[in-house]
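Values reported hereafter were calculated over all heavy atoms of this structure, with side chains retained and with hydrogens, waters and symmetry mates removed. Bear in mind the structure is a predicted one, so any value in this text is a computation, not a measurement.
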Amino acid sequence: MLNELLLALLATLTAIVFVGLSIPIARRLGIVDRPGAIKIHALPTPRFGGVGIVASVLVWGYYTQAVSGWALLGLLIIALTGALDDRFGLSPRLRLLAELVAGLGLGLHFWEPLGGLGVVLGVVLVPLMSNAVNLIDGMNGLAAGNALISVAGMAVLLWQGSTEAGLTLVLAGSLLGFLLWNYPRAKTFMGDCGSLSIGYLLAMLLLVAAGQGWATFLAALVMVGFPLYDTAAGIIRRWRRGKPIFDGDRDHTYDRLDQLYLQDPAKTVVVVWLVSGVLVLVGLVVSQVGIGTGLLLSVLLAGILFWGAYRLGSL
């Protein structure tokens, strides 16, 4: 237990250092997020902090062999894609292509336990999770804190199941190190390098869960459910309003919660963290009750969440 805590602490400290170093680099390269019509920050802010998260995961993931082989190659591809997008702005098609290639690499990493199914899951889950995390990165601490809570739940779910399960500790520590720079007042944002890479690593943990059985996979999917839910609500909302489904807006579930009730982004983020905590608890229950009952619970939970989105005006 002490070794696991030490690993998480080392990942946290490493991320603190690397995220801090990313701030002057971002300013020098001009990777700065400026205030705009659908943005809530008032001052230009560096948005390259995700490089620090990735650097910490690479150091300790490689050291523990939690991230190696094809999975390591996939992470490098998607992190580089995000960094180039932060600096130059890539086309959506090129970014999607890179996500699919990274997903293919991730699927090949899990060829032994999952075979061709692992490739299919990798190609589907990497773009899905990467873009979902990217879309909820709209308030200080929201994407990183939500991912941290999900990863903590998956640490309980997956521990001792495989070598890659050690990634939960490395990623949790790295996310915590970033949060110290990002919440409640942001000195840096994670940028696309961070959000795409976090989504990739969450997809990797979902494949680890799939290798342990479908009930475990469903439980892990529930745990990472908030960004998927908010993305689905956004697609439905824009389709109903006749807008392009990938256009940005300030009608996400968390935006409407803030606008209607809290009027304080820091408090709104805490509420979303609590929702993610509930999803983790439900995921743990799903892992214990079997796939049939687990599916029923998941559908019921989804119904409650989408009812909430409707009441908030996010559908």
Looking at [X] and [Y], what are the two nearest heavy atoms and their distance?
X: Gly173; Y: Ala15; value: O-CB, 4.5 Å
X: Ala26; Y: Val32; value: O-CG2, 4.2 Å
X: Gly153; Y: Val280; value: CA-CG1, 3.5 Å
X: Trp70; Y: Gly105; value: CB-O, 3.0 Å
X: Ala102; Y: Ile78; value: CB-CB, 4.1 Å
X: Val133; Y: Pro227; value: N-CB, 4.2 Å

When you measure from the side chain of [X] to the backbone of [Y], do you find a donor-acceptor pair of N or O atoms at a distance under 3.5 Å?
X: Ser150; Y: Met223; result: yes
X: Gln65; Y: Tyr62; result: yes
X: Arg256; Y: Leu312; result: yes
X: Arg47; Y: Asp86; result: yes
X: Gln263; Y: Gln259; result: yes

Margin query: The test is side-chain contact (heavy atoms from CB on, under 4.5 Å); show your working for Leu13 and Leu9 and say whether it passes.
Written below: CA-CA 6 Å; Leu13 295 174; Leu9 176 60; 4.2 Å; yes

Could you give the distance from [atom1] ([X]) to [atom2] ([Y]), rounded to the nearest 0.5 Å?
X: Leu169; Y: Thr64; atom1: CG; atom2: OG1; answer: 9.0 Å
X: Ile149; Y: Ser276; atom1: CD1; atom2: OG; answer: 5.0 Å
X: Leu72; Y: Ile77; atom1: CG; atom2: CD1; answer: 10.0 Å
X: Ile198; Y: Leu202; atom1: CD1; atom2: CG; answer: 7.5 Å
X: Leu262; Y: Thr268; atom1: CG; atom2: OG1; answer: 4.0 Å
X: Asp255; Y: Met139; atom1: CG; atom2: CE; answer: 4.5 Å

Notebook entry, point to check: Does a salt bridge link Arg237 with Asp249, judged by any charged N lying under 4.0 Å from a carboxylate O?
Noted result: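 Result for this pair is yes, salt bridge flagged.
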
Please determine whether residues [X] and [Y] belong to a single hydrophobic cluster, defined as Ile, Leu, Val, Met, Phe, Trp and Tyr linked transitively by side-chain heavy-atom distances below 4.5 Å.
X: Leu80; Y: Leu76; value: no
X: Leu305; Y: Leu315; value: yes
X: Leu10; Y: Leu167; value: yes
X: Leu148; Y: Val270; value: yes
X: Ile31; Y: Phe189; value: no

Next item on the list: Taking side chain to side chain contact (heavy atoms under 4.5 Å, CB included) as the test, write out the residues that go with Ala232, two or more places apart.
Entry: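 Side chain to side chain contact (heavy atoms under 4.5 Å, CB included) check on Ala232 returns Phe306.
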
Margin query: Which residues pass the side chain to side chain contact (heavy atoms under 4.5 Å, CB included) test with Val51, not counting sequence neighbours?
Written below: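 Testing Val51 for side chain to side chain contact (heavy atoms under 4.5 Å, CB included), a comparison that skips the adjacent residues, returns Phe48, Cys193.
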
Item checked: Aromatic contact, Trp60 with Tyr63 (centres under 6.0 Å) ->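 Judged by ring-centre distance (under 6.0 Å), Trp60 and Tyr63 do meet the cut-off.
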
Do [X] and [Y] touch side chain to side chain, with heavy atoms closer than 4.5 Å?
X: Val224; Y: Met154; answer: yes
X: Pro35; Y: Pro44; answer: yes
X: Asn140; Y: Val269; answer: no
X: Leu142; Y: Asp137; answer: no

Note to self: If the test is salt bridge (charged side-chain N to carboxylate O under 4.0 Å, His left out), which one of Arg238, Lys243, Arg241 qualifies with Asp251?
What the structure shows: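 The salt bridge (charged side-chain N to carboxylate O under 4.0 Å, His left out) with Asp251 is passed solely by Arg241 among Arg238, Lys243, Arg241.
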
Compile the donor-acceptor pairs under 3.5 Å between side chains in residues 282-302 and protein atoms, sequence neighbours left out, one pair per line.
unit_1	atom_1	unit_2	atom_2	d
Ser287	OG	Leu284	O	2.6
Ser298	OG	Gly294	O	2.8

Side-chain donor-acceptor pairs of residues 174-186 under 3.5 Å, sequence neighbours excluded:
unit_1	atom_1	unit_2	atom_2	d
Ser174	OG	Ser56	OG	2.8
Ser174	OG	Val170	O	2.8
Trp181	NE1	Ile16	O	3.0
Asn182	OD1	Gly141	N	2.6
Asn182	ND2	Thr188	O	2.8
Tyr183	OH	Ala266	O	2.9

Any side-chain donor-acceptor pair under 3.5 Å between [X] and [Y]?
X: Thr45; Y: Asp33; value: no
X: Trp159; Y: Thr168; value: no
X: Thr253; Y: Asp230; value: yes

Notebook entry, point to check: More than 12 heavy atoms of other residues, nucleotides or ligands under 6.0 Å from CH2 of Trp273: is that the case?
Noted result: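 More than 12 heavy atoms, drawn from other residues, nucleotides or ligands, come within 6.0 Å of this atom.
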
Checklist line | Stepwise side-chain contact (heavy atoms from CB on, under 4.5 Å) check, Leu221 with Leu228 | finding: CA-CA 9 Å; Leu221 199 60; Leu228 297 174; 4.1 Å; yes

Check: Are Leu7 and Asn3 close enough, and set up right, to give a side-chain contact (heavy atoms from CB on, under 4.5 Å), and what steps lead you there?
Finding: CA-CA 6 Å; Leu7 176 61; Asn3 288 337; over 6 Å; no

Check: Hydrophobic cluster mates of Leu281, side-chain heavy atoms under 4.5 angstrom, ILVMFWY only, any path?
Finding: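 Its cluster partners, ordered by chain and number, are none at all.
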
Next item on the list: Go through the steps for His109 and Ser68 under the test side-chain contact (heavy atoms from CB on, under 4.5 Å), then give the verdict.
Entry: CA-CA 8 Å; His109 182 79; Ser68 61; 4.0 Å; yes

Which side-chain N or O atoms in residues 113-132 pair as donor and acceptor under 3.5 Å with protein atoms at least two apart or in another chain?
unit_1	atom_1	unit_2	atom_2	d
Ser130	OG	Val126	O	2.8
Ser130	OG	Leu196	O	3.0
Asn131	OD1	Arg95	NH2	3.1
Asn131	ND2	Glu99	OE1	3.0
Asn131	ND2	Pro127	O	2.7

